[in-house]
Amino acid sequence: MTIELTLILIVAALAAGVFVGYLLRRKFAEGRLADAQKAAGQLIEDAQKDADAIRKEATLEAKDIILQAKTESEQEARDLRRDIQAQEKRLLQKEEHLDRKMSQLDGREEDLGQREKKLEQAQEQLVEREKSIDTLVRQQMETLERLSEMSAEEAKQYLIQSMESEARHDAAKMIKQIEEEAREKADKKAKEILALAIQRYAGDYVAEKTVSVVPLPTDEMKGRIIGREGRNIRAIEAATGIDLIIDDTPEAVIISGFNPVRREVARLSLERLIADGRIHPARIEEVVQKAEQDVETAIREAGEQATFDVGVHGIHPEIIKLIGRLKYRTSYGQNVLQHSLEVAFLCGIMASELGINVKQAKRAGLLHDIGKAVDHEVEGSHAVIGADLARKYGESPKIVHALAAHHEDEKPETVLAILVQAADALSGARPGARRETLETYVKRLGDLERIGNSFDGVSSCFAIQAGREIRVMVSSDSVTDAQSFVLAKDIAKKIEGEMTYPGQIKVNVIRETRAVEFAR
């Protein structure tokens, strides 16, 4: 009974506490609501005050902006008004200026009208005067024709001929003067350069023969070379492409062929067969094949050595082979490879004196005769063939032109081409460098005299100095001093066009007047 009562009291106490808490919370909430309503009213009141203040400020700012805009618009209007007034003033000035010009133009038009009238009158007077002049000229022409017994056309032709003769005479005198001045300067410089080049390069010369001769130990070896029924000699000729000449010459066999490389292969093969002693078709083919390989190797090494000696690089391997083949080529007894090396060195020396590219000059000098390596296989001049080969294997246009022009197959257009010409002439014309057959020498002298005698006014012509100079005697009655210079130039041009010769040929035209009288 006591526990239950206690529980009831506890429950009653809790209920009373909850009720009291509820009342307290409700009262507290009502207090907070009143405070919130009061704060909200205060905020609304403050916001209303701020809004009024902002509205007043905005109104004041708007008034200021309106006032400022009004002021600026009034200022712009004043400025615009001033500009308009200034433009109106300028326009008025222009109108006044135009009015003055118009008045001046009106005055000029009046003056021009008066001048036109005067010009028309003057023109009429000129026409009348021309008619009178024509009449006078016609009368004078008739008088002149009657007095001179020549028509106007004949007089005109006579005048033209006399003027043409005088012009030719003046031109010849001018040519002589210009050539003398140029020769004085050019000869001195050219002699210095050529003398220096010759002095700095001193090469040895050995005249080579174009026929290969193979010595034999005994004459019995001829029979072994011929073989049974000629099979050995036929095998050698078929394998090498050359001819063997076995005659009565003691202990010697002559090798004949146009191709110098094949001739060298045949010579080398025959020497090896003679030394070995075993001569039969199978052995011949084996030895010839080995000799061809050795000659190709020697050709390549000779070309490489030549480029190394000259100091040029970047040459195509095929051109190097062509340079090497020149080792077995001769021209007038001069080895072409040695000639090419000498031309390269001479070109380099002269190029350094003239201040042009030395490497390029040496390159052109070394390659100038590569056409001779294949000229027996390809038709045409060796200069043109060499230029085509150089172009094919990537040489520069300057090098190609120098190769093509070194024998006047093309007109020289660069200093490099002239240098190659000069160096080629120096190398070929030096004493002991080349030899010439008697028949060719005599024919060249005859051609020189024939060309000299083919011109009008030439009384006699003589080739002297081993064909290096030609002296032309002219008649003083038909050739004047001035015309003799023109005649020398014409003869030189005809020699250049019709003949092939090493170096240069000097043309001397001699004119003299002899006065003869007899005392009786």
Side-chain angles (χ1 to χ4, degrees), residues 204-306 320-341 369-378 382 433-435 437:
D204 297 330
Y205 293 96
V206 178
E208 299 186 7
K209 296 181 178 180
T210 58
V211 178
S212 300
V213 179
V214 178
L216 301 178
T218 61
D219 285 339
E220 296 178 357
M221 186 61 68
K222 293 182 180 180
R224 299 182 62 183
I225 293 173
I226 296 172
R228 183 180 300 176
E229 298 178 355
R231 63 176 186 174
N232 289 345
I233 191 172
R234 285 197 301 271
I236 294 174
E237 291 179 347
T240 59
I242 55 90
D243 296 329
L244 290 182
I245 301 175
I246 301 177
D247 53 13
D248 296 335
T249 305
E251 299 181 356
V253 174
I254 298 175
I255 300 174
S256 176
F258 292 103
N259 192 316
V261 177
R262 290 180 182 177
R263 193 168 61 244
E264 176 65 16
V265 171
R267 184 191 67 79
L268 190 59
S269 301
L270 195 56
E271 288 180 350
R272 291 179 180 179
L273 287 170
I274 293 170
D276 184 43
R278 295 176 295 168
I279 304 176
H280 53 82
R283 178 62 178 165
I284 289 171
E285 291 181 0
E286 180 183 349
V287 172
V288 169
Q289 185 177 5
K290 182 65 169 62
E292 288 177 349
Q293 295 176 357
D294 293 343
V295 170
E296 287 295 327
T297 302
I299 286 173
R300 186 179 65 255
E301 291 176 352
E304 292 174 351
Q305 185 64 39
I320 292 178
K321 289 182 181 179
L322 293 174
I323 296 172
R325 292 184 69 168
L326 297 178
K327 178 181 179 182
Y328 304 105
R329 177 72 157 80
T330 59
S331 178
Y332 296 98
Q334 184 182 26
N335 185 277
V336 179
L337 179 58
Q338 295 299 324
H339 166 68
S340 299
L341 289 170
D369 268 350
I370 58 172
K372 289 185 177 181
V374 293
D375 62 350
H376 54 281
E377 301 172 358
V378 182
H382 74 273
R434 294 184 176 183
R435 58 181 174 82
T437 62

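In what follows, every heavy atom counts, from backbone to side chain, and hydrogens, waters and symmetry copies are set aside.
Under the 4.5 Å side-chain criterion, counting only non-hydrogen atoms from C-beta, I299 is in contact with Y328. The shortest side-chain heavy-atom distance between S340 and I323 does not fall under the 4.5 Å cut-off. Between K290 and R272 there is a side-chain heavy-atom pair separated by less than 4.5 Å. Counting heavy atoms from C-beta outward, E304 and I320 have side chains that approach closer than 4.5 Å. Between V288 and E285, every side-chain heavy-atom pair lies at or beyond the 4.5 Å cut-off. Side-chain contact between E301 and T297 is present, with heavy atoms from C-beta onward closer than 4.5 Å.
Of all heavy-atom pairs between A302 and G324, the closest is CB-CA, 4.1 Å. The nearest pair of heavy atoms linking A373 to L326 is N-CD2, 3.7 Å.
With rounding to the nearest 0.5 Å, the separation of CG in L337 from CD1 in I370 is 12.5 Å. The structure places CD1 of I255 at 8.5 Å from CD of E264, a figure rounded to the nearest 0.5 Å. Annotation: the span from D369 atom CG to L322 atom CG amounts to 12.0 Å, rounded to 0.5 Å. Distance check: R231 CZ to I236 CD1 gives 12.0 Å after rounding to the nearest 0.5 Å. Residue L268 holds its CG atom at 12.0 Å from OG1 of T240, rounded to the nearest 0.5 Å. To the nearest 0.5 Å, atom NZ of residue K321 and atom CZ of residue R300 are 7.5 Å apart.
Proximity of a side-chain donor or acceptor of R329 to a complementary backbone N or O of K372 within less than 3.5 Å is detected. Counting only distance, with no hydrogens or angles, the side chain of N335 and the backbone of K327 share a donor-acceptor pair below 3.5 Å.
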- [ ] Run the numbers on E237 and R234 for salt bridge (charged side-chain N to carboxylate O under 4.0 Å, His left out), then give the verdict.
- [x] CA-CA 5 Å; E237 291 179 347; R234 285 197 301 271; over 6 Å; no
- [ ] Please test L273 against R283 for side-chain contact (heavy atoms from CB on, under 4.5 Å), starting from the C-alpha separation and ending with a verdict.
- [x] CA-CA 8 Å; L273 287 170; R283 178 62 178 165; 3.9 Å; yes
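Between R267 and E271 a salt bridge is recorded (basic side-chain N to carboxylate O distance below 4.0 Å).
Atom CD of Q289 has 12 or fewer neighbouring heavy atoms from other residues, nucleotides or ligands inside a 6.0 Å radius.
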